[in-house]
Novice: 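Sharing a structure here in structure tokens format.
Here is how names work: the chains are called A, B, and so on, in the same order as the sequence lines, proteins then strands, and each is numbered from 1.
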Amino acid sequence: MEVCALKYDFASIEPKWQKKWEEAKVFAAADKSDKPKFYGLIEFPYPSGQGLHVGHPRPFTAMDIVTRKRRMDGYNVLFPIGFDAFGLPTENYAIKNHVHPAIVTKQNIANFTRQLKMLGYGFDWDRVVDTTDPDYYKWTQWIFLQLYKHGLAYKTTMPVNWCTSCKCVLANEEVVEGVCERCGSPVIRKEKSQWMLKITAYAQRLIDDLDDVDFIERVKIQQRNWIGRSTGAEVTFKATTGDDIVVFTTRPDTLFGATYMVLSPEHALIKKWAPVLKNMDEVTAYQKAAASKSDLERTELNKDKTGVCLDGVKAVNPVNGREIPIFISDYVLATYGTGAIMAVPAHDDRDWDFAKKFGCEIIEVVSGGEDVQKAAFTAKDDTGILVNSEFLNGLTVKQAIPVITKWLEEKGIGRAQVNYKLRDWVFSRQRYWGEPIPMVWCDKCGWQPLPEDQLPLLLPEVESYEPTDDGESPLSKMTDWVNTTCPCCGGPARRETDTMPQWAGSSWYFLRYMDPRNDKALASKEALDYWSPVDWYNGGMEHTTLHLLYSRFWHKFLYDIGVVPTKEPYQKRTSHGMILGEGGEKMSKSRGNVVNPDDVVKNYGADTLRLYIMFIGDFEQAAVWSDNAVKGCKRFLDKVWNLAESCDPSPEHTPANEAGLHRTIRKVADDIEGMKFNTAIAAMMTLVGDFQKNGCSRGDMKTLLTILSPFAPHICEELWEMLGGEGFVCNQSWPAYDESKTVADTVQMAVQVNGKVRANIVVPAGADNDAVVAAAQADPKVQKFTAGMSLVKSIVVPGRLVNLIVRPQ
RNA sequence: GCGGGUAUGGCGGAAUUGGCAGACGCGCAGGAUUUAGGUUCCUGUGGAGCGAUCCGUGUGGGUUCGACCCCCACUACCCGUACCA
């Protein structure tokens with residue numbers, strides 16, 4: 001009878017080691033340590049009712065590998081986890097099922113926790129944070145108060161994005177193609193009084209400080225584009241009524257070509273001019289039409305310019321004194337620049353379209369393009385030369401801009417100006433499940449911040465979580481809660497009933513991990529000094545212009561008021577690609593192609609899932625899930641298991657495996673650093689193939705288990721124990737490799753004749769070029785192609801190939 | 001339109017950054033084990049050709065002894081953004 005080998009029983013091995021790690025607290029970060037610190041961060045999940053999606057394990061496993069590797073390299077590692085638990089889906093579920101969102105949240109967090117533990121991540125579970133915990137949101141509210149006290153939070157009435165279905169204000173970032181990002185309903189403009197955060201005050205620093213951090217380039221580019229800095233000039237035009245009309249332009253050089261002006265429909269001067277406008281009815285009608293258009297309609301109609309010419313008032317071009325007409329049109333945005341433009345149809349596509357439709361004059365002031373009556377000439381470089389522009393004539397565009405800017409400054413009618421696309425952050429939500437904004441309205445004293453000793457301002461219990469029909473938060477119906485006393489005069493006052501957006505809690509959570517149970521501060525100074533900044537933060541590209549930008553803003557503010565020690569929160573930022581369903585489509589319930597990690601773990605084990613999700617392809621690219629390919633990773637682990645059981649008991653390395661082992665140690669280390677997890681795994685698969693061919697020793701296996709353990713930690717712990725290893729494999733040092741041992745004694749080199757591969761030769765590793773050429777020429781297959789030819793030149797790439805260039809004699 | 005990215009076997013993807021294209025895995029084919037299926041283990045697997053060989057990295061040019069890689073001109077798809085003056 002053959003002895004039946006122990007089967008690779010992942011279902012019992014995995015929980016066993018998860019329990020042992022937890023009991024031994026192997027992943028707990030030390031608050032003080034002689035070791036260098038490493039803070040690795042993943043974006044904490046939103047605990048949805050659906051549980052973990054297979055998209056989650058990709059970044060989580062990647063950072064788990066990185067942090068496990070860092071621990072083996074001797075770092076004191078902080079790798080925390082938490083839950084970003086405020087937000088609409090939970091609230092919507094609560095509305096539908098009449099359960100308190102806090103209860104739903106608790107259940108969902110429990111389920112997420114179970115799933116995350118099931119995958120064997122080395123999180124420090126003693127530092128879990130939950131943004132809906134009053135001990136946490138106390139500090140979210142505290143930060144808001146500091147922003148308010150420093151003039152960075154203000155309330156204003158402004159047109160906001162209003163979701164017609166959620167009955168809620170949305171940030172610009174939450175409006176996707178004119179519809180609500182969450183529910184897909186049309187978004188319209190609505191005037192509402194909103195709390196705003198002045199992120200625009202940090203626009204320049206948010207651009208400049210990107211130079212000091214190690215973010216992948218596309219993240220930097222996307223943030224810069226989103227902030228949208230443009231330089232130009234502000235110019236004041238006089239209206240015939242005597243009013244000043246200030247415009248922003250990036251092309252002050254084209255001022256002589258400004259043949260009309262356009263104001264946004266919301267521009268304040270229109271109201272002022274009402275008495276003198278002969279066509280005020282038409283103007284009012286246009287304003288109304290523009291306001292009621294949804295964003296969707298605006299963008300759909302953006303090819304066709306509309307507008308109304310103001311009858312009764314004109315503007316004067318300050319450079320030549322010419323009177324020019326003024327229009328209103330919705331192609332000029334109230335929220336950018338000054339809400340008014342000078343139109344230069346000869347050199348701007350939009351102005352050109354408008355001018356053609358409304359019959360405005362088109363005057364060329366930059367030559368070098370085609371006929372400006374047929375198309376606008378918009379080149380901003382040195383290809384164009386100024387004409388019809390008096391003192392600017394003969395200059396290039398680049399030369400003309402400083403000249404005209406200086407001229408405007410001297411005349412007192414303009415100055416250089418920088419503008420940003422970035423707008424202030426709309427911070428109010430008319431929703432229940434968010435942090436209450438700690439502000440009180442007093443008819444006598446105005447808005448008053450809640451005294452800090454009254455924090456946290458708790459969310460009260462309400463009967464219904466639905467917003468009111470007029471768009472007020474459900475909190476507005478809680479009379480007992482709303483009515484309070486003014487912190488300033490003690491008189492009757494009302495609380496703010498809006499709550500904060502979901503982005504609030506996630507804007508600083510990484511700081512709380514450093515000192516999660518502190519009740520005196522968001523984190524102690526010692527903890528902040530020790531752990532800041534986050535060394536490596538991996539997250540999705542979809543958060544580049546939202547969470548990532550918001551949290552950089554908050555962090556810079558906290559830096560300015562002396563709370564945090566670094567200007568930037570994150571030293572390094574990387575990003576992963578999406579996991580798509582089979583067929584290459586986004587995974588979604590409606591498509592029925594969602595893969596549940598629970599099922600994969602049940603069928604193949606967590607180690608196989610971890611390995612597969614890292615092997616699936618380039619970490620930064622989107623990748624398609626394949627049930628079949630998962631099996632390949634399971635087979636690999638089976639082979640590892642079988643080899644460990646059958647290996648030679650020698651603690652030494654098998655000579656035949658020596659070079660492969662050293663090479664793989666180096667390759668896996670380099671690949672983890674470069675997030676090339678797929679090729680790291682491929683290299684270990686190749687090594688295992690070599691073990692099968694060459695045979696392997698216990699020493700070989702233990703080295704393999706050490707470098708495989710960040711990827712597939714459970715099976716490696718089990719086999720490590722089985723082979724008599726000391727302690728946990730995850731606590732071992734990363735094996736050293738010997739550069740000299742990574743090369744074999746002999747190398748195979750390709751021989752090319754005139755650039756075509758004709759043979760392969762084996763030469764000693766250090767062979768010099770002459771010897772290599774001689775060996776190549778001696779090869780019979782090569783001689784077939786060199787017979788009767790003379791050698792003109794030979795190129796030797798050591799260890800790779802030799803190319804013989806020959807010509808007929 | 002603008003910004004970013006991608007294009008390599010039947011499929012997912014490699015290629016030391018200018019040096020043997022297709023590593024590794026899936027799938028497929030043949031064989032061994034098995035009563036059978038599954039598992040496991042060999043062997044083969046870019047295309048054409050009996051063959052020596054020839055052709056092959058989206059398209060068309062170029063540089064080079066040598067190009068998936070660099071340059072020029074295109075095409076297709078994906079992501080972001082959208083009248084930002």
Side-chain angles (χ1 to χ4, degrees), chain A residues 176-178 217-222 224-226 228-230 232 247-251 254 258 262 264 295 298-299 301-305 329-333 335-344 347-351 353-354 378 419-423 541-542 544-545 577-578 580 582 584 611-612 615-618 620-633 635-636 638-639 642 667 670 676 678-689 692 748-760 784 792-806:
Chain A
V176 178
E177 285 169 21
E217 205 49 36
R218 56 197 173 120
V219 167
K220 290 190 182 184
I221 290 167
Q222 212 168 299
R224 284 195 196 102
N225 288 346
W226 186 261
R229 177 193 157 100
S230 49
V247 303
F248 172 71
T249 176
T250 55
R251 295 291 304 277
T254 61
V262 187
S264 67
D295 280 13
R298 272 205 177 199
T299 40
L301 297 172
N302 76 23
K303 274 179 194 150
D304 209 17
K305 298 277 184 288
S329 171
D330 64 4
Y331 88 91
V332 173
L333 306 175
T335 46
Y336 182 78
T338 61
I341 62 157
M342 64 176 210
V344 185
H347 304 291
D348 182 280
D349 290 322
R350 297 151 301 180
D351 296 346
D353 289 344
F354 189 89
T378 58
N419 256 313
Y420 302 90
K421 281 193 228 177
L422 186 70
R423 296 180 208 167
M541 282 306 286
E542 70 276 18
T544 303
T545 53
M578 236 197 310
L580 303 170
E582 299 221 35
L611 208 58
Y612 173 62
F615 186 61
I616 194 166
D618 186 313
E620 293 200 2
Q621 299 297 132
V624 179
W625 180 271
S626 157
D627 279 332
N628 254 331
V630 179
K631 291 178 193 156
C633 290
R635 270 177 217 157
F636 168 67
D638 283 335
K639 279 185 205 172
N642 294 334
K667 170 90 179 142
D670 290 350
K676 303 277 177 203
N678 51 339
T679 49
I681 293 166
M684 290 187 280
M685 286 173 167
T686 306
L687 183 67
V688 165
Q692 285 182 314
Q748 197 186 50
M749 289 178 68
V751 182
Q752 296 183 335
V753 178
N754 291 341
K756 292 207 178 217
V757 179
R758 297 301 182 184
N760 275 294
K784 196 171 140 194
V792 182
K793 191 179 174 185
S794 64
I795 294 116
V796 177
V797 183
R800 307 223 151 262
L801 63 67
V802 49
N803 190 6
L804 304 175
I805 313 302
V806 294

Novice: Is any NZ, NE, NH1 or NH2 atom of the basic residue among Lys676(A) and Asp618(A) found under 4.0 Å from an Asp or Glu carboxylate oxygen of the other?
Specialist: yes

Novice: Quick one: salt bridge (charged side-chain N to carboxylate O under 4.0 Å, His left out) partners of Arg635(A), sequence neighbours excluded?
Specialist: none

Novice: Output the single nucleotide from G4(B), U81(B), U53(B) whose closest atom is nearest the side chain of Arg218(A).
Specialist: G4(B)

Novice: Describe the nucleic acid contact of Arg229(A) in one word from base, sugar-phosphate, nothing, applying a heavy-atom distance below 4.0 Å.
Specialist: nothing

Novice: Using the C1' atoms only, state how far A29(B) lies from U35(B), rounded to an integer number of Å.
Specialist: 24 Å

Novice: Please state the C1' separation for the pair U57(B) and G9(B) - nearest whole angstrom.
Specialist: 10 Å

Novice: Tell me every residue that passes side-chain contact (heavy atoms from CB on, under 4.5 Å) with Lys756(A), counting only those two or more places apart in sequence or in another chain.
Specialist: Arg758(A)

Novice: The criterion is salt bridge (charged side-chain N to carboxylate O under 4.0 Å, His left out); which residues satisfy it with Lys220(A), sequence neighbours excluded?
Specialist: none

Novice: Is the distance from OP1 or OP2 of A85(B) to the nearest side-chain N or O of Ser230(A) less than 4.0 Å?
Specialist: yes

Novice: Using a heavy-atom cut-off of under 4.0 Å over every strand shown, decide if Ile795(A) touches base, sugar-phosphate, or nothing.
Specialist: base

Novice: Could you encode protein contacts along nucleotides 20-32 of chain B as a string, one character per nucleotide from 5' to 3', using B for base contact, S for sugar-phosphate-only contact and - for no contact, with a heavy-atom cut-off of under 4.0 Å?
Specialist: B--BBSSS-----

Novice: Classify Lys784(A) by what it touches in the nucleic acid, base, sugar-phosphate, or nothing, heavy-atom distance under 4.0 Å.
Specialist: sugar-phosphate

Novice: From A85(B), G3(B), U53(B), pick the nucleotide closest to the side chain of Arg758(A)?
Specialist: U53(B)

Novice: Could you give the side-chain donor-acceptor pairs of residues 623-631 of chain A under 3.5 Å, partners two or more places apart or in another chain?
Specialist:
from      : atom 1 : to        : atom 2 : distance (Å)
Trp625(A) : NE1    : Asp627(A) : OD1    : 2.9
Ser626(A) : OG     : Asn628(A) : N      : 3.4
Ser626(A) : OG     : Ala629(A) : N      : 3.1
Asn628(A) : OD1    : Lys631(A) : NZ     : 3.0

Novice: Which stems does RNA chain B form, counting runs of 3 or more consecutive Watson-Crick or G-U wobble pairs with both distances under 3.5 Å?
Specialist: B:1-7 with B:75-81, B:10-12 with B:24-26, B:27-32 with B:40-45, B:46-48 with B:53-55, B:58-62 with B:70-74

Novice: Heavy atoms only, 4.0 Å cut-off, all strands: where does Ala343(A) land among base, sugar-phosphate and nothing?
Specialist: nothing

Novice: When you compare G22(B) with U34(B), how far apart are their P atoms, in angstrom units rounded to a whole number?
Specialist: 37 Å

Novice: Between Lys676(A) and Tyr331(A), which residue's closest nucleotide on RNA chain B lies nearer the 5′ terminus?
Specialist: Lys676(A)

Novice: Give one of base, sugar-phosphate or nothing for Val797(A), where a contact means two heavy atoms less than 4.0 Å apart.
Specialist: base

